[in-house]
Amino acid sequence: MIGALREWSQRHADEGRYSPVGIAFHWIMAALVLFQLGWGFYTGLLGVGGDKVAAYQVHSAVGLPILVLAIGRLGWRMLIPGPHNDADEQGIQTLIAHAIHYLFYLCFFGLPLSGWAMWSAYAEPGPLHLGGVLPWPQLPLDQLPLTLRWAIMDIAGDVHSVLVWLLAITVPLHAGAALKHHFWDRHDVLRGMLPDIPDEPLPRGGSRHRPRAPRSRSNPAAG
Ligand code: HEM
Ligand code: HEM
């Protein structure tokens, strides 16, 4: 089974592409994380009251699936290596890009876990639901002394804030680098993370698709 999955994904990796499963994980989680960042900051601005509590219910309902998806994605990523692409040949830039990917994985776990801890440490935590539908338990903090629960809330709050700010800085860097590789360097890296949409065949059986020529000063045809 695992061998068959690896073989199937290797066919995509050989073309410099992530597998459809890797692509689905990437874009679904990117959408959820971006929503969480925007919604989290918006919620922080609301005055104390019922609207703020309801907004945090939405925040937790959307954030908890990120934890579940993170477990699946990490498992998938450990079984199925990503493709080797043009952007893997850029020395220090490649190292930074890979460090940012590790940081993202840290956030995929650290943000929901610290949010869950904060929520469970409140004196009277409200109910949690995965995706707003499936009941999700509180962490078992209710028997701890109140002072310890406040300490947990403080530490978890600090972890949450640090990871939020790390994401707010690195996501634009990551997306900007992907766009620069695509539009400026003409590398294949973004294409490898987009769904493979077959070209419309030309009437005589040809294809509109042209391989992307790398941009280089010594190649006047490129660009
Ligand atoms: C990737 C997932 C998540 C992201 C990106 C995220 C992002 C944020 C952001 C941007 C804020 C506002 C920070 C501020 O105002 O300084 C926030 C606050 C908060 N988040 Fe999350 N969050 C995530 C997951 C979760 C989850 C799953 C829960 C609960 C189960 C949660 C609970 C909270 C709470 C309770 C606060 C208020 C913190 C405070 O007032 O000190 N978060 N989050
Ligand atoms: C919150 C938003 C985002 C997050 C958390 C995120 C996360 C990640 C992670 C963890 C990887 C490594 C692949 C893996 O190991 O699973 C990755 C790769 C990639 N992402 Fe994102 N991403 C986000 C947004 C974007 C956006 C907006 C773009 C395009 C403009 C983009 C383009 C790419 C590309 C091209 C790769 C492949 C890089 C390579 O193979 O070297 N990502 N992303």
Side-chain angles (χ1 to χ4, degrees), residues 13 16-19 21-46 48 52-53 55-70 73-74 76-78 80-90 93-94 96-98 100-122 125-130 136 138-139 153-154 156-168 170-183 187-194:
R17 313 183 62 81
Y18 283 82
S19 67
V21 176
I23 293 175
F25 270 129
H26 178 270
W27 291 110
I28 292 170
M29 290 184 77
L32 292 178
V33 167
L34 288 176
F35 173 83
Q36 283 295 85
L37 280 176
W39 190 261
F41 283 126
Y42 159 75
T43 305
L45 295 176
L46 292 177
V48 179
K52 191 166 182 122
V53 175
Y56 273 128
Q57 294 281 3
V58 173
H59 185 72
S60 62
V62 178
L64 290 169
I66 293 177
L67 181 60
V68 176
L69 286 168
R73 184 174 184 176
L74 183 65
W76 179 261
R77 194 67 179 80
M78 284 164 78
I80 312 287
H84 188 85
N85 51 43
D86 299 338
D88 288 320
E89 309 289 341
Q90 309 290 306
Q93 284 183 41
T94 303
I96 295 173
H98 289 169
I100 289 181
H101 294 169
Y102 281 112
L103 177 80
F104 284 156
Y105 275 88
L106 180 75
C107 291
F108 295 154
F109 287 94
L111 277 163
L113 287 175
S114 56
W116 189 12
M118 262 192 284
W119 195 278
S120 311
Y122 287 137
L128 284 172
H129 290 92
L130 183 79
W136 183 276
Q138 308 287 346
L139 287 170
M153 205 179 340
D154 261 6
D158 288 347
V159 170
H160 210 73
S161 296
V162 168
L163 295 181
V164 158
W165 283 106
L166 279 174
L167 265 190
T170 49
V171 165
L173 284 178
H174 170 77
L179 295 174
K180 184 225 171 227
H181 277 296
H182 186 75
F183 290 110
H187 288 157
D188 60 353
V189 58
L190 181 56
R191 194 181 66 88
M193 195 43 110
L194 291 174

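The analysis underlying the following values was restricted to heavy atoms, covering all of them including side chains, and did not include hydrogens, waters or symmetry mates. Just so you know, ligand 1 is whichever comes first in the structure, and atom 1 is the first atom listed for that ligand.
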Check ligand 1 against W116 and write out every atom of the ligand that is under 4.0 Å from a heavy-atom position of the residue.
29 (C), 30 (C)
At a non-hydrogen distance cut-off of under 4.0 Å, which region of L167 contacts ligand 2 (side chain, backbone, both, or neither)?
neither
Using a heavy-atom cut-off of under 4.0 Å, does the side chain or the backbone of F35 touch ligand 2, or both, or neither?
neither
Taking all atoms of both residues into account, what is the closest heavy-atom pair of G22 and W76, and its distance?
N-NE1, 3.8 Å
Using a 4.0 Å cutoff against the non-hydrogen atoms of L37, which atoms of ligand 1 qualify?
10 (C)
Can you give me the closest heavy-atom contact between A117 and L139, atom names plus distance?
CA-CD1, 3.6 Å
What atoms of ligand 2 come closer than 4.0 angstrom to any heavy atom of L190?
29 (C), 35 (C)
Just to confirm my output: which protein heavy-atom neighbour is closest to atom 16 (O) of ligand 1, and how far is it?
F41 CE2, 4.3 Å
Should the pair H160 and H59 be assigned to parallel (<30°), tilted (30 to 60°) or perpendicular (>60°) ring geometry?
perpendicular
Output a table of donor-acceptor pairs, distance under 3.5 Å, between side-chain atoms of residues 23-34 and any protein atom two or more places apart or on a different chain; print 'none' if there are none.
from: W27; atom 1: NE1; to: M193; atom 2: O; distance (Å): 2.6

Short list, please: which atoms of ligand 2 are under 4.0 Å from a heavy atom of R77?
14 (C), 15 (O), 16 (O)
Total protein N/O/S atoms whose distance from atom 21 (Fe) of ligand 1 is less than 2.8 Å:
2
Which ligand 2 atoms does V33 reach within 4.0 Å, using its non-hydrogen atoms?
1 (C)
For atom 9 (C) of ligand 2, the protein heavy atom that lies nearest, with its residue and separation:
R73 NH2, 3.4 Å
More than 12 heavy atoms from other groups under 6.0 Å of OH on Y42:
no
Side chain, backbone, both or neither: which part of Y56 has a heavy atom under 4.0 Å from ligand 1?
side chain
If you scan protein heavy atoms around atom 15 (O) of ligand 1, the nearest is G44 CA, 4.1 Å
If the cut-off is 4.0 Å to any non-hydrogen atom of N85, which atoms of ligand 2 fall inside it?
39 (C), 40 (O)
Heavy-atom proximity to atom 2 (C) of ligand 1 ranks first, among D154, I66, L130, L128, for I66
D188-H182 side chain donor-acceptor pair, cut-off 3.5 Å
no
Check whether any side-chain heavy atom of L64 lies under 4.5 Å from a side-chain heavy atom of L128, and answer yes or no.
yes
So for F108, does at least one of its heavy atoms come nearer than 4.0 angstrom to any atom of ligand 2?
yes
Counting C-beta onward and ignoring hydrogens, is there a side-chain heavy-atom pair between H98 and D88 closer than 4.5 Å?
yes
What protein heavy atom is closest to atom 28 (C) of ligand 2, reported as residue, atom name and distance in Å?
W27 CH2, 3.5 Å
Between Y122 and W116, is the ring centre distance below 6.0 Å?
no
As a quick check of understanding, evaluate side-chain contact (heavy atoms from CB on, under 4.5 Å) for V21 and I80, giving each step before the final call.
CA-CA 10 Å; V21 176; I80 312 287; over 6 Å; no
Side chain, backbone, both or neither: which part of M29 has a heavy atom under 4.0 Å from ligand 2?
neither
Within less than 4.0 angstrom of ligand 2, does H98 place any heavy atom?
no
Note on atom 21 (Fe) of ligand 2: protein N/O/S atoms within less than 2.8 Å are H26 NE2, H174 NE2
Would you check, one step at a time, whether the test side-chain contact (heavy atoms from CB on, under 4.5 Å) holds for Q57 with W119?
CA-CA 10 Å; Q57 294 281 3; W119 195 278; 3.9 Å; yes
Give the atom numbers and elements of ligand 1 that come within less than 4.0 Å of a heavy atom of L64.
27 (C)
Dump the intermediate steps for side-chain contact (heavy atoms from CB on, under 4.5 Å) on Q93 and H181, then the final yes or no.
CA-CA 11 Å; Q93 284 183 41; H181 277 296; 4.3 Å; yes
Only one of V171, L103, I100 passes side chain to side chain contact (heavy atoms under 4.5 Å, CB included) with L166, and that residue is L103
For ligand 2, is any non-hydrogen atom under 4.0 Å from V189's backbone (N, CA, C, O), its side chain (CB onward), both, or neither?
both
Y122 touching ligand 1 at heavy-atom level, < 4.0 angstrom:
yes
Below a 4.0 angstrom heavy-atom separation, can you tell me which part of F25, side chain or backbone, both or neither, approaches ligand 2?
neither
So which heavy atom on V159 is nearest to which on S114, and how close?
CG1-CB, 4.1 Å
Walk me through it: do V58 and F35 pass the test side-chain contact (heavy atoms from CB on, under 4.5 Å)?
CA-CA 11 Å; V58 173; F35 173 83; 4.2 Å; yes
Among residues two or more places apart or on two chains, list those pairs meeting side-chain hydrogen bond (donor to acceptor under 3.5 Å, both in side chains) that have a residue in residues 100-109.
R73-Y105
Considering all heavy atoms of both residues, which atom of A55 and which atom of W39 are nearest to each other, and what is their separation?
O-NE1, 2.9 Å
Got the closest protein heavy atom to atom 40 (O) of ligand 2, with its distance?
Y18 OH, 2.5 Å
When rounded to the nearest 0.5 angstrom, what is the spacing between NZ in K180 and CG in L190?
13.5 Å
Which heavy-atom pair separates S60 from P65 by the least distance, and what is that distance?
O-CD, 4.5 Å
For a quick test of reading the model, state the closest non-hydrogen atom pair linking F108 to A70 and the distance between them.
CB-CB, 3.6 Å
